[in-house]
Amino acid sequence: MADSVAQAVAEAHSSEWAFVLAATARVAADLDLAEDCVQDAYAQALVHWKEQGVPRRPGAWLTTVATRRALELRRRASVAERKLPLLVTDPIEDSGAEVFPDDRLRLVFTCCHPALAQEAQIALTLRLVCGLSSAEIAKAFLVKETAMQARITRAKHKISRSGIPYRVPRLTDLPERTDAVLDVVHLVYTAGHTAADGAELSRPDLARRGIDLARMVRLLLPDSGEATALLALLLLTQARQTARVDAAGQLVLMEDQDRSLWDRELISEGLGLVREALGWPAGRFGLMAAIAAVHAEAERWEDTDWPEILGLYDLLLARWPSPVVALNRVVALSYVDGPAAGLRALSDLADDPALATYAYLASTRAELLWRCGRVAEARAAYQEALAFTSNAVEAEFLVRRISRGA
């Protein structure tokens, strides 16, 4: 019985945390108080559910307990005694309240407010929306727990002291603010898909959190084509996860992957979402999802429609002038017009300061040089990429490339 209750509480934490905290924060008008009350509610669940059974709607039970506790504590304490000023939750100013009744959207937009640094946005989103502990977030980003706790505390203080409102943005501000939310979700997934540092290629739990966030945002913003496209992009990318390393844990490039290992259910769902996203004007994530779809539809590497991918990168680069996008376009160009054409295009990016220490710039040059038969230059470029690589799996792959054919 105890094990089943513990499992039920764990499942409720995974699926209901954001809903419970968002509703409690609106009542508590204080993020710290709301967190304390929600954590207390989950602790009470371990006791009460063992005695009374797991309720039919665990989220509603937890929300009731947490919000009642928040109201009780607010009545006991004066505003001056609280360590943070009250959140701004004036319903009159909340122009999106009737359109977006789900409190989780308030929480997401608060965590991703543009007044906060992007690192703080990510940390707050993982803490408040996903319910991860400071220790878990610190481990994911390879920083000390005390440093992560300080980062989260500073972000909470800034929310309250700067009067950042706990509400959905006005409809006129919604598109711009939605972009910030989607960026944070994408960064969470990207940090999990390929770890910046450490012994493993990826951080599966962080990638899963990114996908969970993308599903939530799409649910909360059903009229956003970009939210739909982002979820499609993450699913199509995640579908290849099992094939990215071999049985020995070594990195496998997409061209060499066993495509029978790709997750066909995720691909099917992702392709369906891409088709759905086509009903809206294509934005950045829409174009990125379309590129991922072309890869997913190719049964073999040789079947990849590189001209279509190159065309999509041209559109993406026009809408989002990013040096990383330009680098990816070079790769597509090399498969359309040959590696020499790719090298010529790559020379235009060589002096971009944003790519000065970007390992993938050097590794891309190395691959193109190798394909051109310029072996010695390729090895030197691989050595340069290795100097900028902290992920052990990627570093080991580069070492193998350096010794290839020796």
Side-chain angles (χ1 to χ4, degrees), residues 9-22 24-25 30-43 62 66 83-84 87 104-160 164 166 180-217 230 234 237-238 241 390-392:
V9 172
E11 290 175 354
H13 186 277
S14 177
S15 62
E16 303 283 0
W17 172 272
F19 180 86
V20 178
L21 179 62
T24 306
D30 181 319
L31 289 174
D32 278 347
L33 175 60
E35 271 198 280
D36 290 343
C37 292
V38 171
Q39 289 169 352
D40 183 61
Y42 276 94
L62 290 161
K83 52 188 171 182
L84 291 176
L87 289 169
R104 287 176 297 180
L105 202 57
R106 300 171 185 259
L107 187 60
V108 168
F109 276 112
T110 300
C111 291
C112 300
H113 195 279
L116 300 173
Q118 196 165 69
E119 286 185 349
Q121 293 176 357
I122 295 171
L124 271 185
T125 300
L126 290 172
R127 175 65 177 267
L128 301 182
V129 182
C130 296
L132 298 187
S133 67
S134 297
E136 289 172 315
I137 303 170
K139 182 180 179 181
F141 289 96
L142 302 176
V143 299
K144 292 182 178 179
E145 182 180 353
T146 53
M148 183 56 67
Q149 287 175 334
R151 183 182 302 174
I152 292 171
T153 298
R154 286 195 301 269
K156 288 180 181 178
H157 274 274
K158 185 163 187 176
I159 286 173
S160 295
I164 293 175
Y166 182 64
V181 170
L182 298 181
D183 280 342
V184 168
V185 175
H186 186 238
L187 285 169
V188 169
Y189 176 79
T190 301
H193 179 256
T194 301
D197 207 339
E200 303 296 330
L201 177 64
S202 62
R203 303 188 186 285
D205 186 62
L206 202 55
R208 180 175 62 81
R209 293 291 181 177
I211 292 175
D212 289 345
L213 283 169
R215 290 191 185 282
M216 179 188 297
V217 171
L230 174 60
L234 302 195
T237 304
Q238 185 65 18
Q241 183 63 29
S390 298
N391 183 286

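Being a predicted model, the structure only gives us computed values, none of them experimental.
Between Arg127 atom CZ and Glu35 atom CD the span is 4.0 Å, to the nearest 0.5 Å. Taken from CD in Gln241 to CD in Gln238, the straight-line distance is 5.0 Å, to the nearest 0.5 Å. Put simply, CZ on Arg209 and CE on Met216 are 9.5 Å apart, with the number rounded to the nearest 0.5 Å. The CD1 atom of Ile137 lies 10.0 Å from the CD atom of Gln149; values are rounded to the nearest 0.5 Å. Residue Asp30 holds its CG atom at 9.0 Å from SG of Cys37, rounded to the nearest 0.5 Å. Remark: Arg151 CZ to Thr146 OG1 distance equals 11.0 Å, nearest 0.5 Å.
Taking each heavy atom of Asp205 and Arg208 in turn, the nearest pair found is OD1-NH2, 2.6 Å. Across Leu116 and Ala155, no two heavy atoms sit closer than the pair CD2-O, 4.0 Å. Taking both residues in full, the closest heavy atoms of Ser390 and Ala196 are given as CB-O, 3.4 Å, listed atom of the first, atom of the second, then distance. The shortest heavy-atom contact between Cys130 and His13 is O-CE1, 4.4 Å. Taking every heavy atom of both residues into account, Leu234 and Ala214 meet most closely at CD1-CB, 3.8 Å. Here the closest heavy-atom approach between residue Ile164 and residue Ala115 is recorded as CD1-CB, 4.0 Å.
Checked for salt-bridge contact, Arg215 and Asp212 miss the test: no charged N lies under 4.0 Å from a carboxylate O.
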Do Gln121 and Asp183 pass the side chain to side chain contact (heavy atoms under 4.5 Å, CB included) test, and can you show the C-alpha distance, the side-chain angles, and the key distance before you say yes or no? CA-CA 10 Å; Gln121 293 176 357; Asp183 280 342; over 6 Å; no
Stepwise side chain to side chain contact (heavy atoms under 4.5 Å, CB included) check, Leu213 with Val108: CA-CA 9 Å; Leu213 283 169; Val108 168; 5.7 Å; no
Does the pair Leu124 and Ile159 meet the rule for a side chain to side chain contact (heavy atoms under 4.5 Å, CB included), with working shown? CA-CA 11 Å; Leu124 271 185; Ile159 286 173; 3.6 Å; yes
Would Val185 and Val217 satisfy side chain to side chain contact (heavy atoms under 4.5 Å, CB included), going step by step from the backbone distance to the final call? CA-CA 9 Å; Val185 175; Val217 171; 4.2 Å; yes
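Applying the ring-ring contact (aromatic ring centres under 6.0 Å, His included) rule to His193 yields the partners Tyr189; only residues at least two apart in sequence or on another chain are considered. Contacts of Ala34 classified as side chain to side chain contact (heavy atoms under 4.5 Å, CB included), with partners at least two apart in sequence or in another chain: Leu21, Thr24, Ala25, Ala28. Under the side chain to side chain contact (heavy atoms under 4.5 Å, CB included) criterion, Ser133 pairs with Ala135, Glu136, not counting sequence neighbours. Checked against side chain to side chain contact (heavy atoms under 4.5 Å, CB included), Ala22 has the following partners two or more places apart in sequence or in another chain: Asp103, Arg104, Leu107, Tyr166. Remark: Phe19 pairs with no residue by the ring-ring contact (aromatic ring centres under 6.0 Å, His included) rule, at least two apart or across chains. Under the side chain to side chain contact (heavy atoms under 4.5 Å, CB included) criterion, Asn391 pairs with Ala195, Leu201, Val393, Glu394, not counting sequence neighbours.
With contacts defined as side-chain heavy-atom distances shorter than 4.5 Å, the pair Ile122/Val188 qualifies.
Other residues, nucleotides and ligands contribute at most 12 non-hydrogen atoms within 6.0 Å of the CD atom of Glu200.
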